[in-house]
Amino acid sequence: MKKIILERLTLRNFKGFREYVLATNGGDVDAYGDNGTGKTTLFDGFTWLLFGKDSANRSEQLFEIKELDASGKVRRHKLNHEVEADLLIDGRRRTFRRVYSEKWTKKRGSITDSFDGHSTDYYIDGVPVKKSEFESEVAALIREDLFKLLTNPSFFNEKLKKEERRKVLLEICGDITDAEVIHSNPDLKRLPTILGDRDIESHRKSVVARCKEINKEIDRIPDRIDEAQRSQPDVSELDEELLQEDIDDLRSRIKTREEELLRIQTGGETAVKEKRLREIESELLMIQNRLQSAALDKVAIKRDEVAKLHREFDSLRRQIDDKQHSIQLNDKRIEVLNRDAERLRANWVEVNAQVPEFHHDENCPTCGQALPADQIQAAHDKALADFNRGKARRLEQINAEGKAVKEEVGRLEKANAGLQIEIDQLTNQSAALQDRLMAAEKELEEVRSGIQDPKTDPRYQHMLSEKETIQQEMTRLRESAQTEYSRVQGDIYSLRQELLLLEENKAKFAQVRKTEQRIAELEKQERKLGVEYERLQEELFLTEEFTRSKVALLDSRINSKFKYARFRLFEEQVNGGLNEVCDTLYNGVPYGGGLNNAARINVGLDIINTLSEHYGFSAPIFIDNAEAVTKLIDTDAQIIRLIVSESDKKLRIEAKQSRIQEAI
């Protein structure tokens with residue numbers, strides 16, 4: 001078994017301690033002190049050193065490490081708050097140290113330091129280490145959750161939830177398989193078939209949830225039946241067969257009236273007159289065509305001739321406009337060219353007026369001696385010849401450009417003259433064509449005036465008179481038919497309203513049948529849910545019987561592991577069901593239901609003894625309020641009792657025989 005013994009615990013600036021050393025010499029310790037003297041601080045310091053939390057499992061952000069004044073403010077800043085412990089681990093001494101410091105920095109331009117958070121440093125055997133290394137070293141000694149279980153007698157019963165307590169107990173004592181439980185009780189033989197691939201707890205939760213749903217559905221069914229019954233129409237004074245006979249009779253009468261209405265719409269006399277009217281209109285059109293056909297043909301021919309002349313006249317006008325536009329463009333180009341010619345003439349005069357200017361150096365550029373006169377004259381003649389040749393070339397170039405401009409102006413003026421001749425010719429053609437057009441339009445008007453008006457024809461006049469008479473007679477017939485049509489339409493409307501009322505009453509019978517069917521479905525659903533509920537209750541009973549059987553098998557196994565503590569994993573409910581719990585008992589009294597403090601401490605020690613044996617690990621046990629118990633049960637672990645003593649205003653330590661010697 002791995003065994004940890006606390007030899008020395010040193011606290012510096014930790015909570016109320018400036019500097020305090022708890023020397024155990026490797027043995028049990030009794031710490032006496034009045035309330036507020038720092039007994040619990042010893043346990044807080046030990047747990048904070050290893051895990052960064054106090055004995056109540058609060059992190060350093062949730063409990064105050066620094067010493068506070070009466071107003072709750074930090075008494076002194078810029079201190080190192082540290083805890084150091086010398087531990088004997090299976091005979092090997094190890095030292096662990098944790099230091100919590102304030103960080104103060106001086107910002108640029110400021111003469112004072114400003115607080116910038118906290119930092120934590122870690123040391124093992126005096127050597128600085130990283131946080132991860134420190135935590136790994138501690139974890140290699142003991143898990144945090146196991147440390148809390150083995151160092152605090154109240155942790156198992158007061159800090160763990162029932163599910164966690166059950167898990168620890170089953171881990172220690174070993175669980176029983178479902179197959180073992182089912183085999184132990186013949187009444188459970190159907191349970192594997194019911195469960196399928198689900199475990200007991202999952203199936204039980206599923207059954208309980210479904211039973212709740214069924215109860216809700218069953219509770220809602222009477223309301224639904226009542227709602228359906230209240231929505232059912234009253235047909236006590238109605239006869240469905242008589243209603244159908246009346247409906248058939250009304251439909252027959254409506255059909256008769258609709259046929260009568262159709263006869264009015266398509267009356268025979270009106271149809272005859274409409275046929276005669278169409279014949280008259282056809283004959284009028286024939287007379288009009290006979291009288292006007294030849295004249296209209298002449299009009300069409302003359303109209304085509306006028307349209308053709310219009311197109312020719314428009315074509316001449318467009319040609320004249322195009323040529324006039326070309327002349328305008330040429331005139332603008334001639335104007336530009338004339339300005340170029342003036343510029344070239346001025347340039348020629350300027351170049352022609354230029355005279356040479358000579359500046360010869362009469363001394364040799366190499367030796368500085370005066371040059372011979374013949375060399376000076378030769379240089380002068382050469383320079384004059386070069387000047388004259390250059391001047392001649394420039395004048396010749398100007399003359400060539402001027403000649404080209406003059407030729408272009410002549411070409412454009414000649415082109416404009418030709419265009420003007422063409423415009424004059426086109427203008428003459430246009431004037432002659434316009435005369436022909438005016439004459440053709442006059443002839444068209446004369447041809448149109450020759451079309452005969454058909455109304456002057458006696459036969460045409462007679463037919464028009466007959467048409468007007470027939471139209472008047474048709475108007476009188478329609479007015480008479482409209483009155484009769486309205487009367488029959490009113491009869492049909494009244495009959496349909498009466499039919500609608502009868503059909504509504506007949507529909508009540510279909511609604512009654514639908515409602516009765518719905519009620520029957522709800523009653524069937526209620527019976528089906530009842531059968532399902534009974535089946536589920538039976539399955540629930542089997543799961544509870546399974547639990548009872550498992551409890552019976554587990555009780556002796558679990559309780560045999562403990563000397564004083566006993567455990568109740570389930571309690572019987574009033575309705576006969578089982579409620580899953582995990583209560584610790586001592587002499588039948590629940591831990592949280594009247595057990596005194598002394599019994600609680602000893603029961604906690606009994607649990608620690610069993611856990612230590614199971615996990616093969618022993619650690620110092622801190623017993624708070626140890627004054628409540630006069631005799632602790634035996635334990636192999638180091639005991640540090642924290643005893644309330646009103647007379648001890650300062651912490652007083654009594655160390656007992658070293659457990660190191662006992663171990664040896």
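The basis for the numbers below is simple: all heavy atoms, side chains too, and nothing from hydrogens, waters or symmetry mates.
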Carefully, step by step, assess F14 and Y100 under the rule ring pair (Phe, Tyr, Trp, His ring centres under 6.0 Å).
-> CA-CA 9 Å; F14 188 83; Y100 184 74; 9.5 Å; no

Got a sec, which residues hit side chain to side chain donor-acceptor pair (under 3.5 Å) with [X], two or more places apart in sequence or on another chain?
X: Y32; result: none
X: S71; result: D69
X: N559; result: none
X: E82; result: R12, R97

Taking [X] first and then [Y], would you say they form a salt bridge - that is, a charged N and a carboxylate O separated by under 4.0 Å?
X: E64; Y: K15; answer: no
X: R535; Y: E539; answer: yes
X: R190; Y: E538; answer: yes
X: E523; Y: R224; answer: no
X: R94; Y: E137; answer: yes
X: E613; Y: K561; answer: no

Quick check against the 3.5 Å criterion: does [X] have a side-chain atom that pairs as donor or acceptor with the backbone of [Y]?
X: D86; Y: R8; result: no
X: R165; Y: C582; result: yes
X: E135; Y: S132; result: no
X: N602; Y: K631; result: yes

Count the heavy atoms of every other residue, nucleotide or ligand shown that sit under 6.0 Å from NZ of K2, and state whether that count exceeds 12.
->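 Enclosed.
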
Can you spot which of I607, I623, V603 makes a side chain to side chain contact (heavy atoms under 4.5 Å, CB included) with P153?
->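 Result: among I607, I623, V603, I623 is the only option passing the side chain to side chain contact (heavy atoms under 4.5 Å, CB included) with P153.
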
State which residue, out of K3, R93, Q638, fulfils the side chain to side chain contact (heavy atoms under 4.5 Å, CB included) condition with L88.
->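 Only match with L88 under side chain to side chain contact (heavy atoms under 4.5 Å, CB included): R93.
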
Gap between atom OG1 of T635 and atom CG of L605 - 0.5 Å precision = 6.0 Å

Taking the side chain as C-beta and beyond, is there a heavy-atom pair between L536 and E534 under 4.5 Å?
-> no

With T515 via side-chain contact (heavy atoms from CB on, under 4.5 Å) - residues at least two apart |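 Expected list: A228, Q232, Q511, I519.
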
Any side chain to side chain donor-acceptor pair (under 3.5 Å) involving residues 140-154? Give me the pairs, sequence neighbours left out, ordered by first then second residue.
-> K53-E144, N57-K148, R143-D145, E144-K148, N152-S154

